[in-house]
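This report concerns only the one structure given below.
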Amino acid sequence: MKPFSFHSPRGLGEAVDLLERHGPGAQVIAGGQTLLLAMKERLARPSALVSLAEVADLRGWRYTDSGALEIGAATTYAALAEAELTGVPLRGWHTEIAAVAGDLADRPVRTMGTIGGALCAADPRFDMVTLVVALDAELDTVGAGGGRTIRAAEFFDPVGGTVLRPGEILTTVRFRPQDGFSGVAFEKFRYRVFDAALVSAVCALRLGADGAVADARVTVGAVHPAPVLATTAADRLVGGTPTAVDTVEIGLVAADEVLPAEQATTSVRRYQRELIGVLVGRAIARSHERAHTTTAGS
Ligand SMILES: Cc1cc2nc3c(=O)[nH]c(=O)nc-3n(C[C@H](O)[C@H](O)[C@H](O)COP(=O)(O)OP(=O)(O)OC[C@H]3O[C@@H](n4cnc5c(N)ncnc54)[C@H](O)[C@@H]3O)c2cc1C
C-alpha cells in the first residue's frame with residue numbers, strides 16, 4: 001500500500017480545508033468498507049485520507065419542519081437499522097430505508113459502512129444507490145467552492161461514478177415527506193446473504209383520493225453502471241389499481257425497458273432479465289399493498 005497521511009477533522013469546514021490543502025491525491029474515508037479494499041488492491045492510492053469519523057454533524061437524522069427526512073452522510077447502516085429504538089424513529093414508508101440498511105451485508109459491514117460512503121462509491125449493486133434514485137432523494141454536498149444540492153438521479157453518471165467534484169463532500173441525503181409516497185417496496189436478489197445484489201428493484205407509488213395510483217416510480221439497479229428509471233412501466237401503473245396480472249405484465253415491461261432481449265446475450269444477462277420481471281412485479285405488489293394499508297388506516 002502506498003504511504004499516506006491520515007487526518008481526523010472535528011468539523012466539516014476543517015474537512016473541506018484539509019481536502020483542498022492536500023489536493024487531488026486526498027480522499028475522504030467514512031467507514032472504509034469499500035475504500036480500504038480498493039487501497040489493498042491498489043485500485044485507490046490516496047496520498048492523504050480525511051476521515052469523517054469525528055465530524056458529528058454528518059451523523060444521525062432529523063425531520064425538517066416540512067416533514068422531509070434528512071440523513072447525515074456518515075450515518076452507519078447499523079444506526080439506521082435501529083432507528084426505531086431511538087428518539088427519532090422513522091415514520092411510514094421511511095422505515096423501508098431502515099429495513100434496507102438492516103438487511104445488507106453482515107453486521108461488521110453494517111457497523112462501519114455509511115449511507116454516504118455507499119452513494120459516493122457508486123457501485124450499482126449497492127442497495128442505497130438504487131433506493132435514493134427510486135425515492136427521488138436530494139443530495140447536499142459541500143466543497144471549497146460552496147454547497148450544492150443534486151437530485152439522486154443526476155448524482156450518478158450513467159457510465160459509472162458520480163458527479164462529485166474533487167474535494168467535494170456529500171453531507172446530507174434528503175427524502176421527501178410522508179405525503180411524497182403512499183407505499184414503497186425494495187426487492188433484491190443475491191446468491192448468498194452477504195453477496196451484493198444481482199438485480200434490485202424498487203417501486204414507490206402514491207395513491208390519489210380515488211384510491212387509484214396517482215404517481216409511480218419504478219427503478220432497477222445492479223444491471224447497468226447506474227440505476228435505471230423504468231418510466232414506461234411506471235406510466236402503466238398510473239390511473240389504475242394494479243391486479244396480480246398487472247404486476248406480472250408490468251414487470252415484463254420493465255425487463256424490456258431496462259434489459260431488452262437482444263442485449264441479454266449471456267446466461268447471466270438472461271437471468272438478470274428474468275429477475276427484473278419478477279422483482280419489479282413483487283415491488284409493485286408490495287408497495288401497493290402498503291399504500292392501501294396506509295391509506296385505509298389514515
Ligand atoms: C463483505 C461486504 C459485503 C457487502 N455487501 C453489501 C450489500 O449486500 N449491499 C450493499 O448495498 N452494499 C454492500 N457492501 C458495500 C457497502 O455498502 C459499502 O462498502 C459501504 O457502504 C461503503 O461505505 P463506507 O462508509 O465504508 O465508505 P468508504 O469505503 O469509506 O468510502 C467509499 C468511497 O466513498 C467516498 N466517500 C465516503 N464518504 C464520502 C462523503 N461523505 N463524501 C464524499 N466522498 C465520500 C470515499 O472517498 C470512497 O471513495 C458490502 C461490503 C462488504 C465489504
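These numbers come from a predicted model, not from an experiment. Order of listing sets the numbers, starting from 1, for every ligand and every atom in it.
- Considering both main-chain and side-chain atoms, Q33 comes within under 3.5 Å of ligand 1 through a nitrogen or oxygen pair.
- Counting non-hydrogen atoms of neighbouring residues, nucleotides and ligands closer than 6.0 angstrom, the CZ atom of R148 exceeds 12 such neighbours.
- Summarising the contacts of atom 9 (N) of ligand 1 with T172, D103, D127, the nearest heavy atom is found in D127.
- Salt-bridge check for R190 with D103: passed, with a basic side-chain N closer than 4.0 Å to an acidic carboxylate O.
- Among all heavy-atom pairs drawn from A196 and R125, the shortest one is CB-CB, 3.8 Å.
- Around atom 8 (O) of ligand 1, the closest heavy atom drawn from P108, A222, A105 belongs to A105.
- Taking a cut-off of under 4.0 Å to the non-hydrogen atoms of Y77, the atoms of ligand 1 that pass are 16 (C), 17 (O), 20 (C), 21 (O).
- Residue, atom and distance of the protein heavy atom nearest to atom 31 (O) of ligand 1 are L35 CB, 4.0 Å.
- Ranking the protein heavy atoms by distance from atom 47 (O) of ligand 1 puts V28 O, 2.5 Å first.
- Linking Ile, Leu, Val, Met, Phe, Trp and Tyr whenever their side-chain heavy atoms come within less than 4.5 Å leaves V238 and L252 in two separate clusters.
- For atom 24 (P) of ligand 1, the closest non-hydrogen atom of the protein is G31 N, 3.5 Å.
- Of the protein's non-hydrogen atoms, the one nearest atom 42 (N) of ligand 1 is L170 N, 2.9 Å.
- With a 4.5 Å cut-off on side-chain heavy atoms, F4 and H22 do not count as touching.
- Ligand 1 has a nitrogen or oxygen under 3.5 angstrom from a nitrogen or oxygen of T34.
- Between A30 and ligand 1, at least one N/O pair is under 3.5 Å apart.
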Checklist entry - Does the pair V202 and L131 meet the rule for a side chain to side chain contact (heavy atoms under 4.5 Å, CB included), with working shown? => result CA-CA 7 Å; V202 185; L131 195 63; 4.2 Å; yes
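- Any N or O atom pair closer than 3.5 Å counts here, and I169 shares no such pair with ligand 1.
- Counting only heavy atoms from C-beta outward, the side chains of I150 and T162 never approach each other to under 4.5 Å.
- The closest side-chain heavy-atom distance from I115 to F126 is not below 4.5 Å.
- The CD1 atom of I284 sits 4.5 Å away from the CG atom of L237 when rounded to the nearest 0.5 Å.
- Between the side chains of T243 and D246, at least one donor-acceptor pair of N or O atoms lies under 3.5 Å.
- Distances from ligand 1 to the non-hydrogen atoms of D195 include at least one value under 4.0 Å.
- Taking distance alone, with nitrogen or oxygen atoms compared against 3.5 Å, I29 stays at or beyond that limit from ligand 1.
- The closest heavy-atom contact to atom 43 (C) of ligand 1, among the options G221, A121, C120, comes from C120.
- Against a heavy-atom cut-off of under 4.0 Å, E168 is close to the following atoms of ligand 1: 43 (C).
- When the heavy atoms of G117, A15, A197, A53 are ranked by distance to atom 27 (O) of ligand 1, first place goes to G117.
- Under the 30°/60° scheme for interplanar angles, the aromatic rings of F189 and Y271 are found to stand perpendicular.
- Remark: minimum distance from atom 14 (N) of ligand 1 to any protein heavy atom is reached at F126 CE2, 4.0 Å.
- Counting atoms of ligand 1 from 1 in the listed order, those under 4.0 Å from a heavy atom of Q27 are 47 (O), 48 (C), 49 (O).
- Which parts of ligand 1 touch L52 is read off a 4.0 Å heavy-atom cut-off, strictly below it: atoms 40 (C), 41 (N).
- Counting only heavy atoms of the protein, atom 28 (P) of ligand 1 lies nearest to G32 N, 3.5 Å.
- Between E257 and R236 no salt bridge is recorded (no basic side-chain N to carboxylate O distance below 4.0 Å).
- Considering backbone and side-chain atoms together, R190 places no N or O closer than 3.5 Å to any N or O of ligand 1.
- Using a 4.0 Å cut-off between heavy atoms, V109 contacts ligand 1 through its side chain alone, with no backbone atom that close.
- Taking every heavy atom of both residues into account, F181 and A134 meet most closely at CZ-O, 4.3 Å.
- For ligand 1 and A118, the ligand atoms under 4.0 Å from any heavy atom of the residue are 21 (O), 22 (C), 23 (O).
- Ligand 1 has no N or O atom lying under 3.5 Å from any N or O atom of L37, backbone or side chain.
- Using a cutoff of 4.0 Å between basic side-chain nitrogens and carboxylate oxygens, R107 and E82 are scored as salt-bridged.
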